[in-house]
Amino acid sequence: MAEWLGHRDPRITLETYAHTMPDAPERLRNLVDSVFTGQTELALPLEFDALVETA
């Protein structure tokens with residue numbers, strides 16, 4: 001996510017956006033559980049072009 005947002009360090013992403021999704025850890029646990037139990041098929045893009053500004 002940090003790379004996709006153009007952040008050099010994942011901490012920047014966490015410090016900037018974590019407060020907007022307080023239930024994210026629980027939602028992630030639920031998603032991972034459903035993937036491992038076969039209830040959900042995870043289909044995410046495996047590659048993407050990050051938007052990175054060059055100095």
Side-chain angles (χ1 to χ4, degrees):
M1 180 63 79
E3 182 179 348
W4 183 72
L5 290 169
H7 297 155
R8 293 178 190 211
D9 186 331
R11 273 183 300 169
I12 296 169
T13 308
L14 179 62
E15 291 169 359
T16 303
Y17 299 107
H19 71 282
T20 64
M21 298 180 290
D23 63 337
E26 182 179 348
R27 288 179 20 223
L28 178 59
R29 277 192 301 276
N30 291 336
L31 173 63
V32 171
D33 285 345
S34 67
V35 169
F36 284 130
T37 59
Q39 297 171 4
T40 300
E41 182 177 326
L42 189 59
L44 298 173
L46 299 178
E47 294 183 19
F48 56 88
D49 294 323
L51 301 174
V52 179
E53 292 183 29
T54 56

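For the single chain, residues carry numbers from 1 onward in sequence order. The shown structure was predicted, so the numbers you read here are calculated from the model rather than taken from an experiment.
- Remark: D23 CG to L28 CG distance equals 11.0 Å, nearest 0.5 Å.
- Remark: of the listed residues T20, T13, L14, I12, I12 is the sole one forming a side-chain contact (heavy atoms from CB on, under 4.5 Å) with T16.
- In this structure, CG in D9 is found 8.0 Å from CD in E15, a value given to the nearest 0.5 Å.
- Other residues, nucleotides and ligands place no more than 12 heavy atoms under 6.0 Å from the CD atom of E26.
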